[in-house]
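Below, read A as the first sequence line, B as the second, and so on, with proteins coming before strands; counting in each chain starts at 1.
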Amino acid sequence: MQAFENRLRAALTDVTGLPADDLRIENPRDPSMGDLAFPCFVLAKARKQAPPAIAAELADALNETLEGIEAVATGPYINFRVDRALLAETIIGEIEAQGARYGGGDEGAGKTIVVDLSSPNIAKPMSVGHLRSTVIGAAIQRIHDALGYKTVGINHIGDWGIQFGKLVTALDRWGAEVDLESDPIKALLALYVRYHEEEGEDPTLAEQSARNFQELESGADGHVRQTWKRLTELSMREFDKIYTRLGVTFDEVRGEAFYEPYLDATVERIEAAGVTEMSEGALIVDLSSIRKKMPPCLLRKTDGTTLYATRDLAAVFHRHELYDFDRCLYVVGGDQRLHFEQLKGVLKRMEIDWEPKVEHIAFGMMKLPEGKMSTRTGNVVFLEDVLDRAAEEAGKIIAEKNPDLANAAEIAEQVGVGAVVFNDLKREREKDIQFVWEEVLTFEGETGPYAQYTHARLASILRKAEAAGEGDADPDWAALEDAAPVIVRLGRFPSVVRSAAANAEPSEITSWVLTAARELNAWYTQHRVLGQDPAVTSARLRLVAAAKSALAGALALLGVAAPEEM
RNA sequence: GCGCCCGUAGCUCAGCUGGAUAGAGCGUUCGCCUCCGGAGCGAAAGGUCACAGGUUCGAAUCCUGUCGGGCGUACCA
């Protein structure tokens with residue numbers, strides 16, 4: 001589609017004299033109006049003419065020069081219609097030539113994108129909330145991979161902080177009462193909740209916890225550190241199970257503890273920039289010059305220990321030195337907006353020139369009907385349970401609709417997990433989403449399984465064609481006239497990928513997938529592929545194969561499997 | 001209180017960074033399997049784009065205010 005757009009831009013430059021970059025080519029509201037459109041409003045002032053008159057005049061001029069594209073003036077717009085056979089042959093040809101790489105490119109070559117994603121906390125279960133960061137971050141990374149960027153996916157594990165002092169305290173007091181081996185994370189969660197219930201009554205708990213964390217931060221390899229190590233190992237084992245199911249891998253997995261040795265140097269560096277001061281006994285960076293009333297960033301507490309912000313600053317310096325990134329994307333919930341504003345605020349005050357490359361890719365909170373999820377109060381839905389139930393549900397449907405399916409269990413997992421992942425990527429990432437079981441377990445309408453089903457149907461047609469030996473004839477591209485809207489949709493995929501990358505917005509891909517799937521379903525129910533005139537069957541089969549390939553590619557970017565049968 | 005984000009069909013959401021008659025899915029109602037898979041397809045009903053002003057050829061989109069919601073607001077992460 002880009003090729004046609006470029007030709008139009010060049011032709012429009014010739015007839016208007018405007019630079020190609022200033023010409024905005026749009027998609028017509030209704031596909032029946034045309035494949036591409038140019039609004040003439042922008043020319044009205046300079047030409048002192050009404051837009052409809054300009055459109056009519058330009059359309060005539062363009063038709064003199066354009067070959068294979070027809071320009072029609074419709075009111076203030078010029079609508080362009082690419083010759084149907086040319087359109088089909090060009091777009092399908094592109095998809096066939098590029099295969100699984102269709103939609104990708106190499107414009108990212110030489111550029112590095114760091115993506116900070118997932119970042120679960122040790123000793124806490126992965127909730128459906130962590131799903132968002134993991135799934136959105138992984139999709140953003142894959143989208144950039146496809147465009148040729150060097151990407152670095154970093155899982156920044158929350159393995160540090162005062163809560164580990166608390167956990168050690170809780171384990172020391174009540175550890176004998178729980179079973180850590182069979183389900184370590186749920187046992188630890190119970191301890192954590194209990195701790196917070198009792199902390200109010202018993203001030204010695206908080207004191208002990210503070211001492212524990214100080215010992216941990218001192219580096220002493222005693223009881224506290226040993227306990228902490230054990231917690232980390234138990235938790236990572238559980239997390240890896242989930243990452244395997246989601247098909248997510250990381251290029252770098254580091255805990256916050258990794259940055260422990262860098263903290264002093266980080267604080268010194270910020271002090272050397274002359275932006276720190278003492279306030280109420282704590283070491284801070286004042287940020288009121290960045291934005292009125294912005295709270296200061298705390299680097300050291302009164303007791304000298306560091307905070308989340310200190311460790312994140314150490315991490316961002318470390319990452320910049322290691323990767324010299326072009327963008328560093330933090331895929332972290334919107335409830336941490338202030339934290340990243342402060343992080344960037346400190347960098348700004350230090351006059352660090354790469355500060356704009358650090359971006360907070362915020363996403364909406366996952367909420368339960370009962371309110372915000374909270375590990376402290378136990379108001380959470382565990383990710384593992386969601387995946388299990390979705391796969392189970394998919395299994396039931398397979399048993400009912402396709403009982404002879406060979407690898408039913410494997411497909412049920414792909415469909416169930418696909419449904420959960422797709423559901424999470426469906427909406428614009430900044431919107432809050434409410435977790436509703438029946439919504440997650442729905443496989444009809446705008447869902448992942450619907451997209452997977454479309455893919456499976458296309459695969460099925462191709463299998464039948466293969467078995468019947470159809471599709472060898474030369475295709476009659478003109479026979480795909482009725483498929484033009486679908487073909488245009490497929491042709492737009494590369495620009496959708498680019499937009500999704502620029503906006504770090506995977507939902508642009510899901511939207512495209514759903515629209516394409518809907519249009520494909522409509523098309524193949526109206527146009528039988530097999531058993532037609534051989535030239536027609538050939539053309540339709542080429543479209544089916546191209547569409548299947550593009551759909552599979554899009555689903556791959558999202559991290560959703562594209563089964564051949566389901 | 002202050003700061004940031006948000007308000008589009010009964011519900012969940014799109015709306016291409018200011019353009020054509022505001023579109024989907026779910027739900028509701030009606031159709032469609034002698035025909036490549038009904039996790040599907042076709043159709044109907046459903047809208048004062050929260051409200052009030054403003055900017056201009058033109059606003060769901062930009063600005064201001066009001067109302068309603070979410071998140072955050074220095075020693076948690």
Using a heavy-atom cut-off of under 4.0 Å over every strand shown, decide if A/Ser279 touches base, sugar-phosphate, or nothing. base

Under 3.5 Å donor-acceptor pair, A/Asn27 side-chain atoms to B/rC16 base atoms: yes

For the pair A/Gln214 and A/Arg211, evaluate side-chain hydrogen bond (donor to acceptor under 3.5 Å, both in side chains) and give the outcome as yes or no after the intermediate values. CA-CA 5 Å; A/Gln214 273 175 38; A/Arg211 275 198 301 277; over 6 Å; no

Using whole Å, what does the distance between atom C1' of nucleotide B/rC6 and atom CZ of A/Arg429 come to? 15 Å

When all nucleic acid strands are considered with a 4.0 Å heavy-atom cut-off, which category describes A/Pro28: base, sugar-phosphate, or nothing? base

Which whole number of Å gives the distance between the P atom of B/rA50 and that of B/rU8? 6 Å

Taking the chi torsion of B/rC30, is it syn (within 90° of 0) or anti (everything else)? anti

Closest approach to the side chain of A/Gln163, judged atom by atom: which nucleotide of B/rU12, B/rG40, B/rC76 is it? B/rC76

B/rC33 and B/rA39, which share atom name C1', separated by this distance in whole Å: 16 Å

State whether A/Arg337 and A/Glu430 are salt-bridged, where the test is any N-O pair (Lys NZ or Arg NE/NH1/NH2 against Asp/Glu carboxylate O) under 4.0 Å. yes

With side chains defined as the heavy atoms from C-beta onward, is the minimum distance between A/Arg429 and A/Ile361 less than 4.5 Å? yes

Counting any heavy atom closer than 4.0 Å, what does A/His360 reach on the DNA or RNA strands: base, sugar-phosphate only, or nothing? nothing

If you look at every strand shown and take non-hydrogen atoms under 4.0 Å, does A/Ala44 touch a base, only sugar-phosphate, or nothing? nothing

C1'-based separation of B/rA52 from B/rA60 [nearest Å]: 16 Å

Per nearest nucleotide of RNA chain B, the residue lying toward the 5' end, A/Arg29 or A/Gln434, is A/Gln434

Work out how far the P atom of B/rU66 is from that of B/rC30, and round it to whole angstrom. 49 Å

Considering every strand and a 4.0 Å limit on heavy-atom distances, what is the contact class for A/Phe443: base, sugar-phosphate, or nothing? base

If you measure from the C1' atom in B/rG31 to the same atom in B/rA20, how many Å do you get, rounded? 32 Å

State plainly whether the residues A/Glu439 and A/Arg427 are in salt-bridge range, i.e. N to O under 4.0 Å. yes

Need one value for A/Met294: base, sugar-phosphate or nothing, where a base atom within 4.0 Å counts as base even if backbone is also close, heavy atoms only. nothing

Provide the distance between the two P atoms, one in B/rG23 and one in B/rU48, to the nearest whole Å. 15 Å

Proximity to the side chain of A/Glu280 - top-ranked nucleotide from B/rC76, B/rC2, B/rA74: B/rA74

Can you tell me if A/Ser511 touches the phosphate of B/rA14, counting only side-chain N or O atoms and a distance under 4.0 Å to OP1 or OP2? no

Nearest to the side chain of A/Lys293, heavy atoms from C-beta on, is which of B/rC41, B/rC36, B/rC2? B/rC2

Just checking A/Ala50: base, sugar-phosphate only, or nothing, at a heavy-atom cut-off of under 4.0 Å? nothing

Go ahead and write out RNA chain B as dot-bracket, 5' to 3': ( ) for pairs within the strand, [ ] for ones crossing earlier pairs, | when the partner sits on another strand, dots for unpaired; Watson-Crick or G-U wobble, both distances under 3.5 Å. (((((((..((((.....[...)))).(((((.......))))).....(((((..]....))))))))))))....

Using the C1' atoms only, state how far B/rU12 lies from B/rG1, rounded to an integer number of Å. 34 Å

Students often get this wrong, so: under 4.0 angstrom with heavy atoms, is A/Ile284 touching a base, only sugar-phosphate, or nothing? base

Polar side-chain contact A/Glu256-B/rA77 base: donor and acceptor under 3.5 Å: no

Identify whether any heavy atom of A/Pro295 sits under 4.0 Å from a base atom; if not, whether one sits that close to sugar-phosphate; answer base, sugar-phosphate or nothing. sugar-phosphate

Is it true that A/Glu505 and A/Ser507 share a donor-acceptor pair across their side chains at a distance under 3.5 Å? yes

NA contact type, A/Val415, heavy-atom cut-off 4.0 Å: base, sugar-phosphate, or nothing? base

Out of B/rC76, B/rA14, B/rC36, whichever nucleotide has its closest atom nearest the side chain of A/Leu307: B/rC76

Scan A/Arg24 against the nucleic acid and name what it touches under 4.0 Å (heavy atoms): base, sugar-phosphate only, or nothing. sugar-phosphate

Is there a side-chain polar atom (N or O) of A/Arg457 under 4.0 Å from OP1 or OP2 of B/rG40? no

Within this structure, what is the NE2-to-C1' distance between A/His196 and B/rC76, rounded to whole angstrom? 8 Å

Classify A/Glu428 by what it touches in the nucleic acid, base, sugar-phosphate, or nothing, heavy-atom distance under 4.0 Å. sugar-phosphate

A/Met33 CE to B/rC16 P, in whole Å, measures 15 Å

Tell me the interatomic distance from A/Lys426, atom NZ, to B/rG25, atom C1', rounded to whole angstroms. 7 Å

Where does B/rU28 land, syn or anti, given syn is within 90° of 0? anti

Applying a 4.0 Å non-hydrogen cut-off, can you work out what A/Ile398 is touching in the nucleic acid: base, sugar-phosphate, or nothing? base

side-chain N/O A/Tyr195 vs B/rC76 OP1/OP2, d < 4.0 Å: no

Check: A/Asn79 side chain, B/rA20 base, donor-acceptor under 3.5 Å: yes

Quick one about A/Tyr259 and A/Thr266 (side-chain donor to acceptor, distance below 3.5 Å, no hydrogens or angles considered), yes or no? no

Sequence neighbours excluded, the answer for side chain to side chain donor-acceptor pair (under 3.5 Å) partners of A/Glu198 is A/Arg194

Report yes or no: do A/Tyr330 and A/Asp312 form a side-chain donor-acceptor pair below 3.5 Å? no

A/Asn79 and A/Thr74: side-chain hydrogen bond (donor to acceptor under 3.5 Å, both in side chains), yes or no, with the steps? CA-CA 7 Å; A/Asn79 289 316; A/Thr74 312; 3.2 Å; yes

Please list, for nucleotides 69-72 of chain B, all pairs of protein and nucleotide N/O atoms separated by less than 3.5 Å.
{"residue": "B/rG70", "atom": "O2'", "partner": "A/Asp432", "partner atom": "OD2", "Å": "2.9"}
{"residue": "B/rG72", "atom": "OP1", "partner": "A/Lys372", "partner atom": "NZ", "Å": "2.6"}

Atom-pair distance (CG on A/Leu514; P on B/rA39), nearest Å: 17 Å

Thinking salt bridges, do A/Arg498 and A/Glu508 make one under a 4.0 Å N-O criterion? no

Nucleotide B/rG23, atom P - distance to CH2 of A/Trp512 in whole Å: 23 Å

Any side-chain donor-acceptor pair under 3.5 Å between A/Ser495 and A/Gln2? no

Short side-chain to backbone donor-acceptor contact, A/Thr169 and A/Gly165, under 3.5 Å: yes

Nearest nucleotide by nearest heavy atom, which residue falls closer to the 5' end of RNA chain B, A/Trp523 or A/Lys292? A/Lys292

To the nearest Å, how far apart are A/Glu444 CD and B/rC41 C1'? 13 Å

Would you say that A/Ile122 contacts A/Phe239 through its side chain, given a criterion of any heavy-atom pair below 4.5 Å between the two side chains? yes

Does a salt bridge link A/Arg291 with A/Glu341, judged by any charged N lying under 4.0 Å from a carboxylate O? yes

Look at all strands and tell whether A/Asn503 reaches a base, only sugar-phosphate, or nothing, counting heavy atoms closer than 4.0 Å. base

Could you tell me how far B/rA9 sits from B/rU61 if I compare only their P atoms? Round to whole Å. 15 Å

